[in-house]
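Scroll down for the structure; my scribbles are underneath it.
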Number of protein chains: 2
Amino acid sequence: MRIRQPRSLTELVVDRLRKAIVEGQFALGENISEDKLAEAFGVSRTPVRDALMQLQQSGLVVVRPKRGSFVFSPTLADVEELCEYRLMLEMQALRLSTARDHAGLVTAIRGAIAAMDAALASGDQYAYGHADAAFHRAAFDHCGNRLVENAYNTAEGQLAAVRTSLSEEYGRPGDASYPEHLQMAEMIAARDMDALAAVMDEHVWRTMRVARKSLPVPEGARRA
Amino acid sequence: MRIRQPRSLTELVVDRLRKAIVEGQFALGENISEDKLAEAFGVSRTPVRDALMQLQQSGLVVVRPKRGSFVFSPTLADVEELCEYRLMLEMQALRLSTARDHAGLVTAIRGAIAAMDAALASGDQYAYGHADAAFHRAAFDHCGNRLVENAYNTAEGQLAAVRTSLSEEYGRPGDASYPEHLQMAEMIAARDMDALAAVMDEHVWRTMRVARKSLPVPEGARRA
DNA sequence: CTGTTATATGTAACATGTAACACGTAACAT
DNA sequence: ATGTTACGTGTTACATGTTACATATAACAG
């Protein structure tokens, strides 16, 4: 019988801050000083500072020495690199999980598709997003490489934040999304990696095409 | 005319600690407490603590709450994942840099080969290692994706530490290393990615075969 | 009006004190 | 002998005070 191990304040702050950024409760580039966050969360500056450092390493926060801490604010080029990176990670995860746990992968993928069906049927956009995330996480859950998995976790955080920020202007759920996921699911089941690569490429870069029209593009806010 | 911006204590401690770990001045799994490091470096515990957190995120240090901070101590399975990860990153970097800056890549590669020649001629093992690192870094320097580059930096740190730790038992420079680099250089120049993939695979997994014989394998020290 | 310097303010960097926890060991009961 | 408890030690987690830097603004000189 295991007793609940309370998580450290730092971890709690990290989780809460990440959630806040990903969900768009802070604007991209917004100033978030240690002091204010510490007061807002009712903790001292130390765990907040630790959390900001962690989030900086996962790319969600930029700390400019003596000047302040800010929510990250990627340029268009940054988002491009992010998509490229994510595509590499996901294709690798798909290759690995197909080779190592194809059955588990396919089961998880099918579950995600079913959740998408349900979400579409009930028109629940939030649930659809959740299912979408589960679809893509499936490969990483079964790839057997924690480094690849961790790398995706950080990339996903940034992408999700960008997506949230964009969808506040474009409230679109995306019409091509569902059929593409169906296609991908079939190709995964059939182990057809080449065809899958083509669809994944298209799928991942959709984010870019939306961003291209919406991001303050040229320089954005300055980085570290 | 730019004035030199002094680096923060935290950064200095990070650099020095990373160097110490990579160069094997600490044993894998060794206990390195904040207090002792702070005293040794002549700074307060704060920058040391910050540095340890950063190094934990890059995988070189494991902090076990209330129990202590330790140099990482990968199991055989961890090293396997690391090699797999590194192979993915380097192939991607090679693909990207070949597509985007083939000339720059080839120049850098040739420079590294030349440095290897010189090192072999003078029997300077340290210089050879340096040239080897430069060879592999070339692709990342020219790939145009900072995420891929950063990911390699962290992976390289861990690999270098493992290599150092192993070479203390096996003082081998590796006989197959040089001809393989020559092969890779030619294939890169010829943009023959398929052949390159095969040689890279062989090249990267050599580390594993050495590790397999030497690492305390089954469980190693426990991780976080 | 213009450019320079002084000053005030916000911020993270750093130092240090305190508390809580993990764990080994010895005292003790049985 | 054995299991349990109490306690000492080492360690990080967290709080808070202090310092140094970056920046905006105001005062000032020309």
Side-chain angles (χ1 to χ4, degrees), chain A residues 1-18 21 26-27 29-73 221-224, chain B residues 1-18 21 26-27 29-73 221-224:
Chain A
M1 175 66 165
R2 283 220 134 219
I3 198 71
R4 208 188 101 68
Q5 176 90 350
R7 312 184 65 189
S8 73
L9 280 185
T10 299
E11 285 178 276
L12 293 173
V13 173
V14 166
D15 288 349
R16 194 134 149 209
L17 211 43
R18 179 189 344 250
I21 293 173
F26 296 113
E30 181 172 345
N31 184 319
I32 46 173
S33 80
E34 291 178 2
D35 283 339
K36 291 169 192 162
L37 288 176
E39 193 180 9
F41 289 149
V43 299
S44 83
R45 304 188 317 264
T46 305
V48 172
R49 180 179 168 74
D50 290 346
L52 286 174
M53 271 191 59
Q54 277 186 238
L55 291 173
Q56 177 171 43
Q57 295 209 340
S58 65
L60 287 175
V61 163
V62 176
V63 177
R64 307 202 300 192
K66 311 286 181 120
R67 248 167 296 182
S69 304
F70 305 83
V71 177
F72 83 129
S73 178
R222 193 136 293 97
R223 344 187 73 215
Chain B
M1 175 67 165
R2 282 220 134 217
I3 197 71
R4 207 188 104 68
Q5 175 90 351
R7 314 184 64 190
S8 75
L9 280 184
T10 299
E11 286 177 276
L12 293 174
V13 173
V14 167
D15 288 349
R16 194 133 149 210
L17 211 43
R18 184 196 332 260
I21 293 173
F26 296 112
E30 181 172 345
N31 185 320
I32 46 174
S33 83
E34 290 178 5
D35 282 337
K36 290 169 192 163
L37 289 176
E39 194 180 9
F41 289 150
V43 299
S44 83
R45 306 191 315 267
T46 305
V48 171
R49 181 180 168 73
D50 290 347
L52 286 173
M53 271 191 59
Q54 277 186 239
L55 291 172
Q56 177 170 44
Q57 294 210 340
S58 65
L60 287 175
V61 163
V62 176
V63 176
R64 306 201 302 191
K66 312 283 181 134
R67 248 165 296 181
S69 304
F70 305 83
V71 177
F72 82 130
S73 178
R222 193 132 295 96
R223 341 187 76 216

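Below, read A as the first sequence line, B as the second, and so on, with proteins coming before strands; counting in each chain starts at 1.
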Among C/dA12, C/dA15, D/dT11, which nucleotide sits nearest the side chain of B/Ser44? C/dA15

Tell me the interatomic distance from A/Glu11, atom CD, to D/dT12, atom P, rounded to whole angstroms. 16 Å

Given D/dA15, D/dA20, C/dC14, identify the nucleotide with an atom nearest to the side chain of B/Thr10. C/dC14

Separation of B/Phe70 atom CZ from D/dG10 atom C1', in whole Å? 11 Å

Under 4.0 Å from OP1 or OP2 of D/dG10: is there any side-chain N or O of B/Lys36 that close? no

Please check this pair: side chain of A/Gln57 against backbone of A/Gln54, looking for a donor-acceptor N/O pair closer than 3.5 Å. no

What heavy-atom pair brings A/Leu60 and A/Ile21 nearest, and what distance separates the two atoms? O-CD1, 4.0 Å

Could you state the CG-P distance from A/Asp50 to D/dA13, rounded to the nearest angstrom? 8 Å

Value in whole Å for how far the C1' atom of D/dC14 lies from NZ of B/Lys66: 8 Å

A/Ser69 side chain near C/dA12 phosphate (N/O to OP1/OP2, under 4.0 Å): yes

Any donor-acceptor pair under 3.5 Å joining the side chain of A/Thr46 to the base of D/dA15? yes

Could you tell me the separation between the CZ atom of B/Phe41 and the P atom of C/dA15, rounded to a whole number of Å? 13 Å

Taking the minimum atom-to-atom distance to the side chain of A/Arg67, which one of C/dA22, D/dT23, C/dA12 wins? D/dT23

Quick one: which of D/dA13, D/dT11, D/dA15 gets closest to the side chain of B/Asn31? D/dT11

Are A/Val14 and A/Leu55 close enough that some pair of their side-chain heavy atoms sits under 4.5 Å apart? yes

With a 3.5 Å limit on both atom pairs, tell me what C/dC28 is paired to, counting Watson-Crick and G-U wobble, or say none. D/dG3

Using only atom types and a distance under 3.5 Å, with no angle test, would you say the side chain of A/Glu30 pairs donor to acceptor with the backbone of A/Ala27? yes

Hey, does B/Val61 have a side-chain heavy atom less than 4.5 Å from the side chain of B/Phe72? no

Given D/dA13, C/dA15, D/dA22, identify the nucleotide with an atom nearest to the side chain of B/Pro47. C/dA15

Tell me: CZ of B/Arg45 to P of D/dT12, nearest whole Å? 9 Å

Given D/dT11, C/dA15, C/dA12, the nucleotide with the shortest approach to the side chain of A/Val63: C/dA12

D/dA13 phosphate, OP1 or OP2: any side-chain N/O from B/Arg49 under 4.0 angstrom? yes

Between C1' of D/dT11 and CE of B/Met53, the distance in whole Å: 17 Å

What nucleotide among C/dT11, C/dA13, D/dT11 has an atom nearest to a side-chain atom of A/Pro65? C/dA13

A/Val43 has its side chain closest, among C/dA13, D/dA15, D/dA13, to D/dA15

Of the listed nucleotides D/dC14, D/dA13, C/dA15, the one nearest the side chain of B/Leu9: C/dA15

Roughly how far, to the nearest 0.5 Å, is CG of A/Asp50 from CZ of B/Arg49? 5.0 Å

What integer distance in Å separates A/Asp35:CG from C/dT9:P? 16 Å

